[in-house]
Protein chains: 2
Amino acid sequence: MDDPLPIGELAARTGLTVRALHHYEDLGLLSPTRTVAGHRRYGPREVERVQQIRSLQTLGVSLREIGTVLEAPDFDPAALVARQRAALAAEQARLSDLLGRLDALERLLRQRAQTGTPIPPTDFLQTLRAMQDIEQHYSPDQLAQLADRRRQLGEETIRAVEAEWPRLFEQVGQAMDAGADPASPEARALIDRWDELVAMFTNHDPGITQSLGNVWKQSGGSASQMAGLDPDRMRELFAYAQRVRDARG
Amino acid sequence: MDDPLPIGELAARTGLTVRALHHYEDLGLLSPTRTVAGHRRYGPREVERVQQIRSLQTLGVSLREIGTVLEAPDFDPAALVARQRAALAAEQARLSDLLGRLDALERLLRQRAQTGTPIPPTDFLQTLRAMQDIEQHYSPDQLAQLADRRRQLGEETIRAVEAEWPRLFEQVGQAMDAGADPASPEARALIDRWDELVAMFTNHDPGITQSLGNVWKQSGGSASQMAGLDPDRMRELFAYAQRVRDARG
DNA sequence: CTTGCTCCTGACGCAGCGGGAGGTCCGTAC
DNA sequence: GTACGGACCTCCCGCTGCGTCAGGAGCAAG
């Protein structure tokens with residue numbers, strides 16, 4: 001029962017592959033005895049080491065580090081755990097960063113598809129770049145805040161607002177084209193709604209609202225790219241909106 | 001201004017390294033023109049391609065896949081995004097799995113350190129293995145539920161309960177040693193509290209409570225390892241607790 | 001012409017194995 | 001004795017995204 005196992009047996013019992021066991025040995029994690037013919041035999045001690053290796057792997061510890069741990073029986077478990085946590089947390093942060101961008105992209109694609117101005121594949125890369133240009137205007141903190149805020153608002157609200165923006169731009173455009181007085185109640189109502197939508201997502205944070213303003217100014221091209229509007233038209237809309245706000249005093 | 005750039009210039013402007021640009025070229029993502037001496041020159045087209053590569057990288061897309069995307073201008077953006085999401089989500093799940101285990105370990109280390117029965121480094125690997133043995137008794141679903149429940153309960157409560165368990169075991173042990181009648185109110189109170197603590201973490205889910213029972217039975221050794229108690233003593237405590245429950249009817 | 005900077009082309013290294021090539025060994029059936 | 005199917009052996013390349021030399025050539029300024 002406790003006879004030393006050939007490598008195939010050990011592999012079958014541990015769920016590892018023969019190749020993996022070879023690899024562990026190459027790294028010095030295992031050193032089974034050998035038969036005269038050079039075939040590996042794993043005694044109970046080695047079998048246990050394999051289990052320990054697996055255990056440490058389920059914590060995401062690297063094989064090299066596992067090597068040092070197994071060779072130093074007086075290592076500090078708490079320190080090991082802390083190091084691992086830090087490393088994995090960093091990885092997770094990186095991932096959620098990527099996922100955040102994907103979410104934003106998905107929202108944009110969906111919105112543009114629903115509002116009848118889908119992004120042609122040839123423009124996709126430009127749009128993507130526009131998104132990153134815009135992202136650069138926010139600090140990581142601000143981006144995190146915006147993401148939080150979106151979670152608070154929920155899927156429903158976001159979709160509703162996404163659908164409302166193009167309509168609002170359209171209405172403001174019509175008012176502007178019709179020469180509506182920036183001080184008129186109609187114009188004011190539209191821009192109030194505009195600012196309300198903005199405030200909803202910025203959660204009334206002045207820093208973020210400020211950054212958003214910079215985005216409009218410095219990346220007008222990017223913003224219009226994402227909205228699917230002509231950059232000049234977009235600039236006009238923004239200038240008009242500003243006049244309305246100024247008229248309000 | 002739009003003269004073709006030497007590689008060092010392009011690297012400086014894009015924030016990439018010369019080596020990275022070489023690498024992209026090896027993979028066929030770029031093909032700058034060359035001077036007579038063989039030095040690379042990047043025109044506006046190539047510069048834009050570099051930006052596109054960077055953009056796609058911020059979504060976590062692999063360089064090979066970027067290659068196929070850049071060569072097929074009529075690819076499906078939505079499909080690309082969906083694939084990326086799936087891949088990253090899988091990665092994230094794997095990571096949070098590892099982090100979950102690390103959390104559990106950290107809790108255990110902390111608790112054992114606080115209750116005056118720290119885990120000696122030499123026993124750490126055994127304890128780790130015991131944890132995984134126990135983990136095997138739960139389905140992934142159940143583990144997720146337990147993690148959720150812990151989040152609901154909050155740090156405070158968890159620490160309090162962690163501190164209570166050893167005391168409770170101690171009291172039950174004393175009652176048992178004193179030959180307290182399993183039907184006595186004292187014994188009943190202790191075991192009621194015991195079951196209450198269990199229910200708090202299992203959130204009264206019968207499936208999980210059942211699995212927990214299996215853990216005690218089949219992995220008594222592992223459980224005692226984690227609690228820092230003698231396995232035989234542990235088994236006695238559990239048998240006594242069961243007698244108390246039976247006496248209650 | 002020399003100095004000093006930029007550029008070139010290999011080629012190894014990392015992490016954790018997968019997978020294959022080409023050869024040896026083992027147990028069993030004939 | 002031998003022939004055959006597995007199991008085992010030892011290299012060695014491949015993947016991912018570059019970092020990092022090594023050794024040599026081009027280029028502008030003094």
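To find a chain, count down the sequence lines: A is the first, B the second, and so on, and within it residues start at 1. FYI, side chains are in, hydrogens and waters are out, and symmetry mates aren't considered; it's all heavy atoms of this structure.
As a whole-Å value, the separation of R94(A) CZ from dT16(D) C1' is 12 Å. Atom CD in E91(A) sits roughly 17 Å away from atom P in dT16(D) (whole-Å rounding). Between L29(A) atom CG and dC17(C) atom C1' there is a gap of 13 Å when expressed in whole angstrom units. Per the geometry, CZ belonging to R64(A) stands 8 Å off C1' belonging to dG16(C), to the nearest Å. Remark: P of dG20(C) and NE2 of H23(A) are 18 Å apart, rounded to the nearest angstrom. L63(A) places its CG atom 11 Å from the P atom of dG18(C), with the value rounded to the nearest Å.
Between V36(B) and Q57(B), the one whose closest nucleotide on DNA chain D sits nearer the 5' end is Q57(B). Each of S62(A) and E25(B) has a nearest nucleotide on DNA chain C; the 5'-most of these lies closest to E25(B).
There is a side-chain donor-acceptor pair under 3.5 Å between Q142(A) and S211(A). With no hydrogens or angles considered, no side-chain donor-acceptor pair links R129(B) and S55(A) at under 3.5 Å. Defined by atom type and a distance below 3.5 Å, a donor-acceptor pair is missing between the side-chain atoms of R41(B) and T33(B). If you check the side chains of Q132(B) and T58(A), you find a donor sitting under 3.5 Å from an acceptor.
Here E25(B) pairs with R40(B) in a salt bridge; the nearest charged N to carboxylate O distance falls below 4.0 Å. Between E162(A) and R159(A) no salt bridge is recorded (no basic side-chain N to carboxylate O distance below 4.0 Å). A salt bridge links D148(A) with R151(A): the closest approach of a Lys/Arg side-chain nitrogen to an acidic carboxylate oxygen falls below 4.0 angstrom.
With the end axes of the helix from dC1(C)-dG30(D) to dC30(C)-dG1(D) each set by five pairs, the angle from one to the other reads 40° at 10° resolution.
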Handout entry: Where protein sits on nucleotides 2-12 of chain D, one letter per nucleotide: B base, S sugar-phosphate only, - none, heavy atoms under 4.0 Å
Key = ------SSB-B
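Applying the ring-ring contact (aromatic ring centres under 6.0 Å, His included) test to Y24(B) and every residue at least two apart in sequence or in another chain returns nothing.
Phosphate proximity of dC17(C) to Y24(A): present, with a side-chain N or O under 4.0 Å from OP1 or OP2.
Taking the side chain of T17(A) as heavy atoms from C-beta on, and the options dG18(C), dG17(D), dG19(D), the nearest nucleotide is dG18(C).
A pairwise comparison of heavy atoms in T209(A) and D205(A) identifies OG1-O, 2.8 Å as the closest pair.
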